[in-house]
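Only one structure is covered here, and it is reproduced in the block below.
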Amino acid sequence: TANLAAATSIGQNAYKDVTTITSVTLNTVGDKTNHKVQIGDNAFDGLTELTELTIPATVQFSGTGANVFANMAKLATVTILNDQVTATEFANDNAIATLTIKNPDLATIPASAFTSTKIVALDLSMCPSLVVASGAFPANAFTKIKLSGSKTPIANFNLTSAAGSLKTLTLSADAGETTIPANKFQSFTKLANVSLPATISLIDDYAFEASALTAITIPEGCSIGDYAFANCADLATVTFVSEDPLTALSAYIGDNAFEATAVAKVIIPANVWAVGADVFKDCALLKRFQANSAYDETTDTKYGITTIPAIFDGCDKLSEVVIPKTVTTIAANAFKDHAKLATVTFKHEGADDDASAVMTLIGASAFEGTAITAIDLSLTQLAGLSSADIFKDCASLATITLPEEMNSLTGNAIFAGTAIETLDASMVDGNIGGWHFDSTLGATVPNTLFGTDEDNPNNTLKVLKVGNATIVGSAAWSTGA
């Protein structure tokens with residue numbers, strides 16, 4: 001045992017290669033002048049039987065700090081309380097597995113400082129000034145990395161050996177990182193817990209694809225790349241921070257970003273301006289989708305997604321959708337054959353509300369085959385329904401309310417197979433019905449809003465209210481009317 005509790009100076013090579021020492025106690029008070037303990041180079045080099053070491057805050061290196069605690073074959077636990085770590089201080093200390101760093105004034109851990117260690121859990125949360133240089137730690141099978149509270153970016157760590165071991169990751173808001181690079185944590189099969197700082201503005205393509213995440217909080221205004229969270233089979237909770245949606249207005253969600261995850265509900269904030277293709281494809285548990293909007297009165301600007309694409313393929317439990325007032329287009333097949341979709345709410349608030357956009361298009365088969373019972377388009381300011389099969393085979397759809405601005409109903413078989421008995425189209429002063437080319441007949445034939453008798457053998461329509469519209473084609477509605 002080397003009891004040096006009273007020593008204020010330990011010279012170069014002082015205990016080098018003294019292999020009988022199993023314990024070292026250093027002075028925690030220091031000298032009378034600056035309360036420091038001076039330790040020379042190689043002072044404890046080669047203490048092969050030492051297993052645990054605490055370096056007090058008083059320790060200061062009188063030389064370069066070279067090999068001070070190097071070549072300790074059994075040293076497994078190190079606690080650093082002083083404000084210095086040198087590149088070779090722990091050279092060849094291959095057994096170090098537990099490292100605790102607690103000095104708030106420690107500024108740097110240089111490259112190569114711990115390259116031969118077995119450290120798998122790292123907590124830098126008590127070191128607000130610390131920057132760990134790239135290469136300071138080897139490509140260990142890390143299980144936990146906590147960088148919050150330090151200035152160290154995750155980019156400075158080689159994680160190639162951690163894909164099958166890393167479970168918890170906490171990044172630092174003070175490191176200046178803005179991007180989670182593409183593929184950075186792809187196929188990290190045990191990574192279940194990740195905390196992202198508010199500085200992150202992009203989670204790039206495949207960043208967490210096929211990881212073990214169970215929940216993720218997306219920083220405000222952060223964009224999400226293609227497949228960023230795809231195939232995270234346990235990802236059940238996705239939370240978008242939206243404390244001030246007008247502060248970050250350039251976010252987007254890329255193609256297939258959340259494909260095949262376990263999310264049950266999603267709320268897209270107003271600062272997301274666009275979503276890509278198949279964003280929620282094969283999210284078998286997704287029941288509720290809502291997108292929000294915001295309005296900046298000072299600039300008369302609306303914020304929120306403007307298009308609802310076909311992004312729900314394979315979401316067989318989808319039952320409720322809330323469409324923001326910024327949406328102008330619902331793409332073809334957007335909700336086609338979602339047999340449990342019973343509730344669709346349009347948040348549009350009409351021409352008197354500056355924050356509401358004018359809806360311009362509902363695409364072909366957008367709601368075909370859904371379970372909706374009623375649809376209210378009255379405040380969307382939609383001027384016409386021109387696409388085919390929009391509500392076809394919505395067998396429970398009994399009520400539809402059209403907007404006063406509507407001036408045409410020309411889509412073929414828009415209401416075929418519905419339960420609508422009364423359709424008030426009295427506001428329409430343009431065309432009802434139209435023409436389309438029938439490839440089977442090889443001829444142009446009239447559009448029929450409720451389909452032909454073959455399309456709609458149980459047509460329930462009893463009352464059709466028509467104002468000043470022009471009826472185009474002899475079968476603008478089916479023979480059941």
Side-chain angles (χ1 to χ4, degrees), residues 213-218 220 222 224 228-243 245 251-294 303-327 329-331 333-349 356 359 362-363 365-377 379-380 391 394-397 399:
L213 288 176
T214 58
I216 190 70
T217 297
I218 309 296
E220 188 152 38
C222 180
I224 301 171
F229 298 97
N231 301 309
C232 294
D234 296 321
L235 181 57
T237 303
V238 176
T239 303
F240 290 84
V241 175
S242 184
E243 296 175 355
Y252 65 87
I253 301 176
D255 296 348
N256 305 81
F258 295 98
E259 179 181 341
T261 60
V263 290
K265 64 178 181 180
V266 173
I267 300 177
I268 304 296
N271 50 36
V272 173
W273 60 270
V275 293
D278 294 322
V279 171
F280 300 104
K281 181 180 180 181
D282 293 332
C283 291
L285 300 179
L286 182 62
K287 293 182 178 180
R288 188 176 192 274
F289 171 83
Q290 176 178 336
N292 290 338
S293 61
Y303 296 105
I305 59 174
T306 58
T307 299
I308 304 286
I311 57 177
F312 301 104
D313 185 29
C315 300
D316 296 335
K317 292 187 177 182
L318 186 66
S319 60
E320 183 180 0
V321 171
V322 179
I323 296 173
K325 61 178 68 176
T326 49
V327 165
T329 302
I330 298 176
N333 304 308
F335 301 101
K336 183 179 179 181
D337 294 331
H338 286 82
K340 293 187 177 181
L341 179 57
T343 303
V344 176
T345 303
F346 291 85
K347 301 295 285 186
H348 297 71
E349 296 182 8
S356 277
M359 184 168 284
I362 299 179
S365 301
F367 295 97
E368 181 179 342
T370 62
I372 52 178
T373 58
I375 198 84
D376 186 353
L377 300 173
L379 297 178
T380 63
F391 299 103
C394 294
S396 299
L397 179 59
T399 303

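The structure presented is a predicted model; accordingly, all values stated were derived computationally and were not measured. In this chain, residues are counted from 1 in sequence order.
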For Phe258, enumerate each residue passing the ring-ring contact (aromatic ring centres under 6.0 Å, His included) test, keeping only those at least two apart in sequence or located in another chain. Phe229, Phe280
If you look only at pairs with a residue in residues 273-285, which of them pass as a salt bridge (Lys or Arg N to Asp or Glu O under 4.0 Å), with sequence neighbours excluded? none
Pairs flagged by salt bridge (Lys or Arg N to Asp or Glu O under 4.0 Å) wherever residues 309-320 is involved - sequence neighbours left out: Arg288-Glu320
For [X] against [Y], the heavy-atom pair lying closest together:
X	Y	result
Ala262	Asp234	CB-C, 4.3 Å
Ser396	Ala371	CB-O, 4.1 Å
Pro324	His348	O-CE1, 3.2 Å
Asn231	Ala260	OD1-CB, 3.6 Å
Val344	Ile372	CG2-CG2, 3.7 Å
Ala366	Ile330	CB-CG2, 4.1 Å

For the pair Phe312 and Phe335, name the ring-plane relationship: parallel under 30°, tilted 30 to 60°, perpendicular over 60°. parallel
Picking from Ile216, Ile253, Thr217, what satisfies side-chain contact (heavy atoms from CB on, under 4.5 Å) with Phe240? Ile253
To the nearest 0.5 Å, what is the distance between [atom1] ([X]) and [atom2] ([Y])?
X	Y	atom1	atom2	answer
Cys232	Leu213	SG	CG	5.0 Å
Ile218	Ser242	CD1	OG	13.0 Å
Cys222	Tyr252	SG	OH	9.0 Å
Ile311	Ile305	CD1	CD1	6.5 Å
Thr370	His338	OG1	NE2	10.0 Å
Lys340	Leu318	NZ	CG	11.0 Å

side-chain hydrogen bond (donor to acceptor under 3.5 Å, both in side chains) against Asn292, all qualifying residues, sequence neighbours excluded: Gln290
Applying side-chain hydrogen bond (donor to acceptor under 3.5 Å, both in side chains), can you list everything that pairs with Thr380, at least two apart in sequence or on another chain? none
Does Val322 offer a backbone N or O that forms a donor-acceptor pair with the side chain of Thr345 under 3.5 Å?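 The answer is no, because no donor-acceptor pair under 3.5 Å joins these two groups.
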Determine, step by step, whether Phe346 and Leu377 satisfy the side chain to side chain contact (heavy atoms under 4.5 Å, CB included) criterion, reporting the C-alpha distance in whole Å, the side-chain angles of both residues, the deciding distance to 0.1 Å, and the verdict. CA-CA 7 Å; Phe346 291 85; Leu377 300 173; 3.6 Å; yes
Set of residues satisfying side-chain contact (heavy atoms from CB on, under 4.5 Å) with respect to Asp376, sequence neighbours excluded: Ser378, Thr401
